[in-house]
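Remarks on the structure that follows.
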Amino acid sequence: MAAALTTKRKRYSKKSKQSWRKNTNIRDVEEHLEEARREERTGGPVSEKPDESLYFLDHRTEERKVTEGKPKENSRKRKLLKADQLLPESKIKPIGSKKRKVHLKSKQREDFSNSSSDSEIEEERGKLVKAQINKKKPKTAAVFDLWEAQDIPTGDEHFLSTTKRINVKKPKTISRKTSQLVAVEVCSPGASYNPTYEDHQSLLQMAHNVELRKVKETEKLKRQVKLLTAEEAANLPTWNEEMSQGLFAENDAEDDENENDHESALAAPVRAFNRKTKQQRTKEKQKQEEVKRLETERKEKRQQNEIFRLKALKKEMKIADEEAEKRRRKKKETERSSSIKPKRLSKHKYESPDCEVQLSTELTGSLRTLKQEGNLFEDRFKSLQRRNIIETRLPVKNYEQVNYTRIRMKQFFFHT
C-alpha cells in the first residue's frame, strides 16, 4: 500500500534548452538573490557591517512629558514607527516620498523647537553611523578628464603609462636655422620709384651683367651642340658602313696575330732535367732570409737615427699643424659661405630670379603712375628655395607634349 501511495517522479525531456529552463528548479537561486537585494536595500550585507551600526548602547534617560488628563487621540506630532526605528538607514531613496506637513500653533511650535523629537535623534544617529562606514571604505580614484591640460597623478603605474598625456619630443634640429639669409631682402636703392642717377645706373649695370652671362651660356651651348648642314649630313657614312667597319679582312689578320701571341705566351713544359735540386732550394731559402734580415736591420738603423733628427721632426710637426689650421680655417669659411648660398636639395639647380629694373624712360617719379614689376607670390616662393626650406622645383610638362616633340626631332634628323 505504501508503494502505491507514493507518486512517481515525473520525467521530462532534456533535449532542448527550452525544456531545461522550463523544468529546472531555481527556487534556491532566486531566494539567494532576493536576500542579497534586501540586504542591499537595508544598507549592505550584514557580514560587512561594523558592530556600531548593528548595536548601540543608550545611556541617556529621556524625560517624558506627562500631560494632564488623557492624551489627545488626534495628535499632530509625527511619530516614528517601531519598524522604521529597528531598520538602519537605507542607501536607496524611496520613490515619491514627501515629508508630512505639520501645522501647529505658535505655542506648540516653540515647544517643538526647544525639544528634539525621536525622529530627529534617529536621523542624527544614522548620520554618525554613515560617517563611520565611509571612513572605513577604501577611497576610489577621482573621476577626471583624460584630455585636460593637467594630469591628475595616481599611484597606479600602469594607469599612468597608458592614460597620462606624454609631451611630444621635439627634434634637435627644430631650432636650427637652414640658412643665414634674411627672409625678406631689401631691394637696392636704384629700384625706388624716384631713385638718384648713380643708384639707378648701378642697378642697370647689375642687370646688364646678368643678361650678358646668360647670353654667353647660350652661345657656349650652341657651339657644343652644333647642328649639321645639309652637305655635311649627306657626306656622313650610312648605317651599314658604320656597323660593318673593321669586320672582314682586317679582323682576320688581327686574329692570326693574336693566336701567335697566345702561343708564344704559353709556358714551356717542365721536364725532369729542369727541376731544381735540394741544394738549389736551400740556397734560395737562405737568400730570402738574408733579405729579410737586412730589411729589419735597415728599419732599426732608421729608428735610431730619428733620435738625432729631433729638430727636423719638430719642423715637420710644425708644418703639419699649420696645414691642419689652414684646412680648419678653410672649412669654416666654406661652412659660412654655404650658410649664405642655397643648397642642392633636388635634381634641379637653384636659379636666381630676374633682376627687377625699370629703364630710364619708364621712371615717372610718382607712386601713382609707377609700372608694376615682379610678382609677390614668386618672390616668396624663391625666398623659401633660397633659404633651403623647400627644394627647387620646375613645372612638369605634359607627357603627350613631350612625346610629340620627341617624334618631331626624330623626323627632322631622319630627313636630314
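All residue numbers in this chain count up from 1 along the given sequence. Computed from a predicted model, the values in this text were never measured in an experiment.
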Original post:
Closest heavy-atom contact between A207 and V357?
Top reply: CB-CG1, 4.0 Å
Subject >> C187 versus A191, closest heavy-atom pair with distance >> reply: CB-CB, 4.2 Å
Original post:
Around L212, counting heavy atoms of other residues, nucleotides and ligands shown, do more than 12 lie under 6.0 Å from its CG?
Top reply: yes
Original post:
Which residue pairs pass the salt bridge (Lys or Arg N to Asp or Glu O under 4.0 Å) test with at least one member in residues 202-221, sequence neighbours excluded?
Top reply: K214-D354
**OP:** Give, for atom NZ of K371 and atom CG of L363, the distance between the pair rounded to the nearest 0.5 Å.
**Re:** 11.0 Å
**OP:** For R38 and T42, test the side chains for any donor-to-acceptor distance below 3.5 angstrom and give the result as yes or no.
**Re:** no
**OP:** Among E289, E297, E295, find the one that has a salt bridge (Lys or Arg N to Asp or Glu O under 4.0 Å) with R293.
**Re:** E297
**OP:** Measure the spacing between OG1 of T392 and NZ of K382 and express it to the nearest 0.5 Å.
**Re:** 8.0 Å
**OP:** Identify the heavy atoms of E356 and G374 that sit nearest to each other, and give their distance.
**Re:** OE2-CA, 3.4 Å
Original post:
Say you draw a straight line from CZ of R298 to CD of E300; how long is it, rounded to the nearest 0.5 Å?
Top reply: 12.0 Å
**OP:** Drop me the distance from L204's CG to Q358's CD, to the nearest 0.5 angstrom.
**Re:** 10.5 Å
Original post:
If you draw a 6.0 Å radius around CE in M243, do more than 12 non-hydrogen atoms from other residues or ligands fall strictly inside?
Top reply: yes
Original post:
Are more than 12 heavy atoms from other residues, nucleotides or ligands located less than 6.0 Å from atom CD of E351?
Top reply: no
Original post:
So, H348 side chain and E391 main chain: donor-acceptor pair closer than 3.5 Å or not?
Top reply: no
Original post:
Side-chain contact, heavy-atom cut-off 4.5 Å: S179 with R386?
Top reply: no
**OP:** For S338 and E335, indicate whether the former's side chain and the latter's backbone hold a donor-acceptor pair under 3.5 Å.
**Re:** yes
Subject >> Salt bridge present between E290 and K287 (N-O < 4.0 angstrom) >> reply: no
**OP:** Apply side-chain contact (heavy atoms from CB on, under 4.5 Å) to the pair L221 and Q224, showing each step before the final yes or no.
**Re:** CA-CA 5 Å; L221 286 172; Q224 290 175 352; 4.2 Å; yes
**OP:** Locate the shortest heavy-atom distance separating L203 from C355; write the atom from each residue and the value.
**Re:** CD1-SG, 3.9 Å
Original post:
How many angstroms lie between CZ in R387 and NZ in K177, if you round to the nearest 0.5 Å?
Top reply: 10.5 Å
Original post:
For the side chain of S339 and the backbone of R336, is there at least one donor-acceptor N/O pair under 3.5 Å apart?
Top reply: yes
Original post:
So do K285 and T282 actually touch side chain to side chain, heavy atoms under 4.5 Å?
Top reply: no
**OP:** State, to 0.1 Å, how close T364 and T369 come at their nearest heavy-atom pair, and which atoms those are.
**Re:** OG1-OG1, 3.0 Å
**OP:** Using modelled atom types only, decide if a donor and an acceptor are shared between the side chain of T334 and the backbone of K330 within a distance under 3.5 Å.
**Re:** yes
Original post:
Would you say R344's side chain and S346's backbone share a donor-acceptor pair under 3.5 angstrom?
Top reply: yes
Original post:
Closest approach of P353 and Y350, non-hydrogen atoms and distance?
Top reply: CD-OH, 3.7 Å
**OP:** Measure the CG-NZ distance between L394 and K347 for me, rounded to the nearest 0.5 Å.
**Re:** 8.5 Å
